[in-house]
> 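Pasting a structure here, questions to come.
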Amino acid sequence: MIDKLNSPQREAVTLPPQHALVLAGAGSGKTRVLTTRMAWLIQTGQVSPLGILAVTFTNKAAREMVGRVTSILPIDIRGMWIGTFHGLCNRMLRAHHRDAGLPQAFHILDTADQLASIKRLLKANGIDDDKYPPRDVQRFINGAKEEGQRPPDVEAYDSFRRRMVEIYTLYETQCQREGVVDFPELLLRAYELLSRNEPVRSHYQRRIKHVLVDEFQDTNTLQYKWLRLLAGGGASIFAVGDDDQSIYAFRGANVGNMSDFERDYAHGTVIRLEQNYRSFGHILDAANALITHNNGRLGKNLWTEQGEGEQIRVVEQPSDLAEAQWLVEEVRALISDGRDRSQIAVLYRSNAQSRVIEHALFSAGVTYKVYGGLRFFERQEVKHALGYLRLMANPDDDTSWMRVVNFPPRGIGARTLELLGDQAKAYDTSLSAAVARVPGKGGSNLSQFSMLVGRLSEETRMLPLPELVEHVIAQSGLIAHYEQDREGADRIENLNEIINAAAAFALEANMSGLPAGIVVQNPTAAEPDPMEEGLGGLSPLMAFLSHAALEAGDNQAQAGQDAVQLMTVHAAKGLEFDAVFITGMEEGLFPHENSVNDPSGLEEERRLMYVAITRARERLYFSLAQSRMLHGQTRYAMRSRFLAEVPEEHLKWLTPKQGLSDSEPRWKTSNYSGDTYGRQGGQAAPRQSTVPSKMLASGVTVGAQQFRVGQGVRHARFGEGTVIGLSGTGMDAQAQIQFREVGAKTLALGIAKLDIIQG
DNA sequence: TCCAGGCCCGTTTTT
DNA sequence: CGGGCCTGGA
């Protein structure tokens, strides 16, 4: 089991029971160490499978962990605490729902449900949603929860925040009444359950001997607190992560957890996995060099036993269109060289960039697959069907009630629903319970709907899950509705797919001999654990609905195995490919303009670039466009500063490298003609290029002034600076200027008075 | 109640 | 430019 590991890997796997931080670089065998550690602990008899708690962020990672552990050691994973933070908290809350103050059949709101719930709340309480936009309220509430804060804990230093806190309180009341729990609430409730309930806490603390955490750099404050509490009974925390790959600060991840953990727990026990088994030397050295520009790293330098490999190919094109066309040609060349399409990845900073690339690939007939977009359980028709199903389990679920009450349309309009809402509020009941108080035609339509819900509950009470789902979907009128729609065929197909999903789910649950999806106890355990009883009562429907909420399904749009992979850099984390294109290497795009004025934001962008680079095994490309269509305007940008942070020795420019030295990265837009690039190796004849040979206009003229990217300018108030981006024309023209003293600013060229001082 | 056209906005995303 | 959302008219 451990003889194939390198020495730091083996050291990590065989550590005595103590807290440890494993700094696992990209491609260093992180998952292997984590899973081997689990298997080793069990096999050496140091812990029973039930004494382990292993937690990940995604279901995919959790599945992979289970798969790899069981392939090393054929153990029964049932009853083991392996899963996502949310999945494990869900399980804990179901088991101890009374202590947690929840109905056992609580529903889980996904992000969209939560937003709908907040909108409904604002409306019911007459809160101005211009002043308190639902999205901001959602961010406020989730932000507070992720910090472990209930309304009284939130600092409200001004009237705006005080009102936000009031809304937070109202929202909590609403969720509690409806028996629903949002994603951050799963974690916070589970945390509070453990911290306030001594018997429950000591039960878990006594049971759990080893806590293993994957992607530790992505944990938020609350998750870390939860882990510390769980391990509080003397368990060892084995935290694996890479601070250089922390790219989720925007959703609450706190890289600081890593250094805090080292300081508070791991002390000296930090193991670095620095040998990389993925990439060739130039690629790794480029990544290493780039990331040294960040401060406050825990520190790590990747190395490989493979050779130097190829340099990174760099291509600069006049436009985003030309970039895409070049990319297609290069991809085709790779494919005709015998490379597997699925081993070619095209990465970009933002989803908007995929359009041009997709168009070019499509026109050239290259099969591709875009990651991202709507997932199965997030589709409109699927959410409607789930809405009906949720009403079967809980008619007081107002979010679901509102979602389907008039879908398909049954003559229940906004006014009727407003009336219903008023009644519900006045009598402090659910919408469902308030139906009888709404008079008139609207009321009669409502009661018909209410009767439909009641009748379906009755009819499906005794049905097995798949039949139940089938019956509810058939009777909901959804299929009939979509049959009217000439583009409804896909939706109907998805509705049928829910029935399949339910059948598959039920089958899996039966095979494990347990109520669908939720594993209760390890049958091999010496005796049933009274602390964790209570899950058996969870209906298959409830279990299926939890499953749907916690696992939204596959994230890839188009099918096709043998396809070029298109995705954002974020989506590429954890993946690897033989050949990788990093596109849009421009200031304002990568690093993104919203991050460049904030040092920590810029460092996160740099980590993102680090992640992008380290995806590549053999071949890596950087591409950039001098001009790009963005928000309906042509924008001109400088080369990304990150390009200058990679030593020249690792780069091979396929188009002439222009402009000034890297130490002073500047963009001199000039007269490069797009068809002069060649490929490395010399044999490749210059392929025909579709790039227009004449240069695009690269400047913006306003009045008598001609602005260009890279120019030096002076502003009366902001001082001297450099033009780093231009967009628009005439009165719409704007310039992004990096001022020496005051940072980057965007100025309207028609208004701001600028003197051109050079360039 | 429903639909169409206008308007606004525009980074990354898992649970 | 393009998509999502909202409002106003039928």
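Protein chains get the first letters and strands the later ones, always in sequence-line order, with residue 1 at the start of each. The basis for the numbers below is simple: all heavy atoms, side chains too, and nothing from hydrogens, waters or symmetry mates.
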> Going by the rule side chain to side chain donor-acceptor pair (under 3.5 Å), which residues pair with A/Gln736 if we only count those two or more places apart in sequence or in a different chain?
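Listed in chain order: A/Glu593.
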> What are the bounds, 5' to 3', of the part of DNA chain C that sits under 4.0 Å from heavy atoms of chain A?
C/dC1 to C/dG3
> Tabulate below the donor-acceptor pairs under 3.5 Å that side-chain atoms of residues 129-137 of chain A make, not counting sequence neighbours, or state none.
none

> Please report the distance, rounded to the nearest Å, between NE2 in A/His570 and C1' in B/dT12.
4 Å
> Which residues satisfy the side chain to side chain donor-acceptor pair (under 3.5 Å) test with A/Arg120, sequence neighbours excluded?
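Checked A/Arg120 against side chain to side chain donor-acceptor pair (under 3.5 Å); matches are A/Glu178, A/Thr399.
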> According to side chain to side chain donor-acceptor pair (under 3.5 Å), who are the partners of A/Asn294, at least two apart in sequence or on a separate chain?
A/Arg606
> Salt-bridged, A/Glu586 to A/Arg628, with N to O below 4.0 Å?
yes
> If we take the P atom in both C/dG4 and B/dT13, what is their distance in whole Å?
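Each nucleotide's P atom is 15 Å from the other's.
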> My understanding is that only residues two or more places apart in sequence, or in another chain, count here; which of them pass salt bridge (charged side-chain N to carboxylate O under 4.0 Å, His left out) with A/Glu172?
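A/Glu172 satisfies salt bridge (charged side-chain N to carboxylate O under 4.0 Å, His left out) with A/Arg150 once adjacent residues are dropped.
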> Please report the distance, rounded to the nearest Å, between CG in A/Leu545 and C1' in B/dT15.
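Interatomic distance, CG of A/Leu545 to C1' of B/dT15: 16 Å.
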> Identify whether the distance between the nearest side-chain nitrogen and carboxylate oxygen of A/Arg641 and A/Glu587 falls below 4.0 Å.
yes
> Base, sugar-phosphate alone, or nothing: which one does A/Asp218 contact when heavy atoms must sit under 4.0 Å apart?
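The answer is nothing, as A/Asp218 stays clear of every strand by at least 4.0 Å.
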> Could you identify which residues of residues 590-603 of chain A place a heavy atom less than 4.0 Å from some atom of DNA chain B, listed by residue number, or say none?
A/His592, A/Asn594
> Are any protein N/O atoms closer than 3.5 Å to N/O atoms in nucleotides 2-10 of chain B? If there are, list each pair with its distance.
{"residue": "B/dG10", "atom": "N3", "partner": "A/His631", "partner atom": "ND1", "Å": "3.3"}

> Applying salt bridge (charged side-chain N to carboxylate O under 4.0 Å, His left out), name anything that partners A/Asp218, two or more places apart in sequence or on another chain.
A/Lys573
> Just jot down the ring-ring contact (aromatic ring centres under 6.0 Å, His included) partners of A/Phe590, sequence neighbours excluded, or say none.
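Counting only residues at least two positions away or on another chain, A/Phe590 forms no ring-ring contact (aromatic ring centres under 6.0 Å, His included).
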> Could you list by number each residue of residues 243-255 of chain A showing a heavy-atom separation from DNA chain B of less than 4.0 Å, or answer none if no residue does?
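When residues 243-255 of chain A is checked for heavy atoms under 4.0 Å from DNA chain B, the hits, listed by number, are A/Tyr248, A/Phe250, A/Arg251.
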> Quick one: side chain to side chain donor-acceptor pair (under 3.5 Å) partners of A/Thr56, sequence neighbours excluded?
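If we apply the side chain to side chain donor-acceptor pair (under 3.5 Å) test to A/Thr56, skipping adjacent residues, there are no hits.
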